[in-house]
Structures are given as C-alpha cells and as structure tokens.
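Each remark here refers to the structure printed beneath this line.
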Amino acid sequence: MEFSHKPVLFKECIDGLAIKPDGIYVDGTLGGAGHAQGIANSLGPKGTLICIDRDDDAIKASGPRLASAKCRVEIVKGNYADIKEILSELGIDKIDGALLDLGVSSYQLDDPQRGFSYMSDAPLDMRMDREESGGAKDVVNGYSKEDLARIIREYGEEKFATRIASFIDEARKEKEIETTGELVSIIKNAIPAAARRDGPHPAKRTFQAIRIEVNDELGGLKRAVEDFCDVLGPGGRLCIISFHSLEDRIVKEIFNRRENPCTCPKNIPVCVCGKKPDVKKVNKKPILPSEVEEADNPRARSAKLRICEKL
C-alpha cells in the first residue's frame, strides 16, 4: 500500500502556526507528510522542518515527498514524546512552532496487516512502531480480566467494558485470541443485541482502547504537550489536533494550567504563589472542521484543533 493520509484542518493548522520563513518547526506526527509539505512550502532556504514518526512506512514514504523542499528537512524515526532528546541530538534548543496530529493514520487503518482495523481480519498487532515489543495480541491474551475491563472502560469509554473483558477471558481459556476477526466476534457476542443496532461499530471503542494501551498514547501525550510548550521560543505556537475526548481533555487541561498557573486560594486578592503563565491560548474554543471538509473527509468529523502561543 502507498502511505497516504489526507491532512485534517490543513489550512487552519498552517495559518495557526503563523510560520516564519526562517523559523524552526516540528511535525511530530509525520504520517503521509500532508501537513509537513504545507509547512515546508511556507519555509525558505534558512528555515528548518523536523519531522518525527514512529512508523517505518511513514519515514520511507515521506522522504521523497519532502525532497524538493527549499528548507532544511530532518526526518527522525522516534516518538514525539521524546522531543527534548530529539532536539538535543540535533543541536537545537528552541523551536518556532510544532504540530501534532494525534491518533492512528489513515494508512495504518487501511492496511489490514497492521491490525488496527475492526473492519478486516488480520493478526492482532496495533503497534505504531513494529520494532517495539508487545502488541494487541499480548494485551488481549496477557492482561488480567480486571485490567482489560479498566482499559476498555477508561480508554474506550465503553459502558459494556466489564462484560467484554469477561467474554475475552472466557474465550482465551479455550485458545489464544490471534486475529482482529476473532476479537470482533467476541465483542459482538458480549454486547447486547439492542445496543449493537444503534451507534458506531460495536468493536470501535474496544479497539481504540487497546490501541491506546499498546502505544501508550495518553501517557506519551501528557509528557509531549508539557515538553513541546517548554521548547517553544517566545511567540512560538503549538497546534494539536485530537480525535477523541480523552486526548482533547489532556490538551485542554495542560493549556489551561499553563495559561493560569496560579495556585493561590481564590479569596486572596493578590497572587503570592509567584507562578506566572508561559503560554496563552490562541483559540478559546477548539477549531472544528467545516461541513465541506467533513463531507470530503469523513475521518475529520471528530477532529478538534487547539493552539497555544509561548509568551
């Protein structure tokens, strides 16, 4: 398969970054280089674009697509949560802007062999970096019933989490669960028929939860948002696109806390804690896709863009 990904909220991100032609910018989730090409096109010969991805397929596909960029391009295989280490290795202290497009890419969903999709039968995997150990198969077969229920409930926001975990536990006593098709069948059997008739695919929330656990997406995101805010230079901007409430809540809470860090009791007239804001939110509410974009790209429907600027 060709690694392609239609960038979500493309214009809004490029505008939101307020790109300086000679600046240093980071695309922390390179994917198919859709956003990265837009950033590169806004940079001049003195500009730098650092592209990061955990997926070897993304790295291989995106190099040729950025080969004609006028700016300096550095493509790094790694995790955006390690941004401070990555910048240190490149000899860079501060950046002028960064973009994170969270979640799984269209390519990863559409390639059945990656095991991300509940729409086709494939080996259980879901690793964004296939050189890392573990995977969905290890989670599904190795975690306790209680831990499975917690993950599915917290990361998938699935109300039938306990029931699904119990059905998985019973099924794996008979034989190891090896494929996405087997897991989908178990989930369908666990969810009452009346609940299956309405709403999204019955396996959607459970697959999301397992994928988040496999790739430590929420833990990595918390660290990344803090560290990206730290490495922004004055006036630098951080744009983050999230696709579900758990991600958006993390981004929102960190932006809010860094914009209003005072911990003094509200009844004290003057701040005595000494904590000062170091960012400001560019948009008070998240930027959402237009109806036109949603019609053109259904995967954009749940997207939310939040932007902050370093003071």
Side-chain angles (χ1 to χ4, degrees), residues 3-44 47-55 58 61-62 65-66 69-71 73-76 80-81 83 95-108 217 220-221 224-225 227-229 231-233 235-244 247-248 250-252 254-255 279-310:
F3 201 118
S4 61
H5 179 73
K6 185 177 289 188
V8 172
L9 292 163
F10 177 81
K11 184 179 185 302
E12 291 84 350
C13 287
I14 301 302
D15 291 346
L17 285 169
I19 296 170
K20 299 185 293 187
D22 60 348
I24 301 173
Y25 293 84
V26 176
D27 184 342
T29 46
L30 175 59
H35 288 112
Q37 286 176 301
I39 298 170
N41 289 341
S42 300
L43 290 171
T48 299
L49 173 59
I50 302 159
C51 302
I52 305 167
D53 208 286
R54 301 166 73 175
D55 195 310
S62 297
R65 295 176 186 176
L66 294 167
K70 295 178 182 178
C71 63
V73 176
E74 297 281 355
I75 299 179
V76 179
Y80 63 71
I83 184 59
I95 61 175
D96 296 291
L99 168 67
L100 299 179
D101 180 5
L102 306 177
V104 65
S105 74
S106 299
Y107 171 87
Q108 290 165 333
E217 292 178 39
L221 178 60
V225 179
D227 286 357
F228 269 97
C229 287
V231 299
L232 285 175
R237 289 188 171 189
L238 174 59
C239 297
I240 303 181
I241 305 171
S242 62
F243 288 88
H244 59 76
E247 295 172 336
D248 183 59
I250 289 170
V251 177
K252 178 182 177 181
I254 294 175
F255 281 9
V279 304
K280 67 175 182 179
K281 289 179 293 204
V282 174
N283 52 319
K284 298 303 179 183
K285 293 185 178 181
I287 298 170
L288 307 178
S290 66
E291 292 182 3
V292 173
E293 180 173 8
E294 289 184 3
D296 181 57
N297 183 10
R299 286 177 177 164
R301 288 175 185 163
S302 57
K304 292 181 178 180
L305 169 63
R306 293 186 186 272
I307 307 170
C308 76
E309 180 176 303
K310 191 69 173 282

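A pairwise comparison of heavy atoms in Cys71 and Leu49 identifies SG-CB, 4.2 Å as the closest pair. Between Leu305 and Ile241, the closest heavy-atom pair is CD1-CG1, 4.0 Å. Here the shortest heavy-atom pairing between Gly38 and Ile14 reads C-CD1, 3.7 Å. Closest non-hydrogen pair, Tyr80 versus Gly220, comes out as CE1-O, 4.3 Å. Here the closest non-hydrogen pair linking Cys51 and Ala36 is SG-CB, 4.1 Å. The minimum heavy-atom distance between Leu43 and Gly23, with the atom names listed, is CD2-O, 3.9 Å.
Rounding to the nearest 0.5 angstrom, the gap separating the CD atom in Glu293 from the CZ atom in Phe10 is 11.0 Å. Distance check: Lys284 NZ to Phe255 CZ gives 12.0 Å after rounding to the nearest 0.5 Å. Interatomic distance, Leu9 CG to Cys239 SG, rounded to the nearest 0.5 Å: 10.0 Å. Note that CG of Asn283 is 11.0 Å distant from CD of Glu12, once rounded to the nearest 0.5 Å.
A salt bridge is absent between Arg301 and Glu294: the closest approach of a Lys/Arg side-chain nitrogen to an acidic carboxylate oxygen does not fall below 4.0 angstrom.
With a 4.5 Å cut-off on side-chain heavy atoms, Leu238 and Cys229 count as touching. Leu30 is not listed as a side-chain neighbour of Ile52, based on a closest heavy-atom distance of 4.5 Å or more. Side-chain contact between Ile287 and Ile307: present, with at least one pair of heavy atoms (C-beta onward) separated by less than 4.5 Å. Contact annotation: the side chain of Asp296 approaches that of Lys6 to within less than 4.5 Å [non-hydrogen atoms, C-beta and beyond].
The main-chain N or O of Val279 is never found under 3.5 Å from a side-chain atom of Glu309 such that the two would form a donor-acceptor pair. No donor-acceptor distance shorter than 3.5 angstrom exists from the side chain of Arg306 to the backbone of Val251, with no hydrogens or angles considered. Judged purely by atom type and a 3.5 angstrom limit, Lys304 has no side-chain atom pairing as donor or acceptor with the backbone of Ser242. At least one donor-acceptor pair under 3.5 Å links the side chain of Asn41 to the backbone N or O of Gln37. When atom types are taken as modelled, the side chain of Asp227 and the backbone of Ile83 share no donor-acceptor pair closer than 3.5 angstrom. No donor-acceptor distance shorter than 3.5 angstrom exists from the side chain of His35 to the backbone of Thr29, with no hydrogens or angles considered.
Annotation: Lys252, atom NZ; neighbour count of heavy atoms from other residues, nucleotides and ligands within 6.0 Å does not exceed 12.
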### Query
Can Leu221 and Leu102 be said to form a side chain to side chain contact (heavy atoms under 4.5 Å, CB included), step by step?
CA-CA 9 Å; Leu221 178 60; Leu102 306 177; 3.8 Å; yes
### Task
Evaluate the side chain to side chain contact (heavy atoms under 4.5 Å, CB included) criterion for residues Tyr25 and Ile95: first the C-alpha distance (whole Å), next the side-chain angles of each, then the deciding distance (0.1 Å), finally the verdict.
CA-CA 6 Å; Tyr25 293 84; Ile95 61 175; over 6 Å; no
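Listed by first then second residue, pairs satisfying salt bridge (Lys or Arg N to Asp or Glu O under 4.0 Å) with a partner in residues 16-39 read Lys20-Asp96, not counting sequence neighbours.
For the pairing with Phe228, the side-chain contact (heavy atoms from CB on, under 4.5 Å) check across Leu100, Ile254, Ile240, Leu99 returns one residue only, Leu100.
The side-chain contact (heavy atoms from CB on, under 4.5 Å) check on Glu217 picks up Met128, Arg211, Ile212, Asn215, Glu247, with sequence neighbours excluded.
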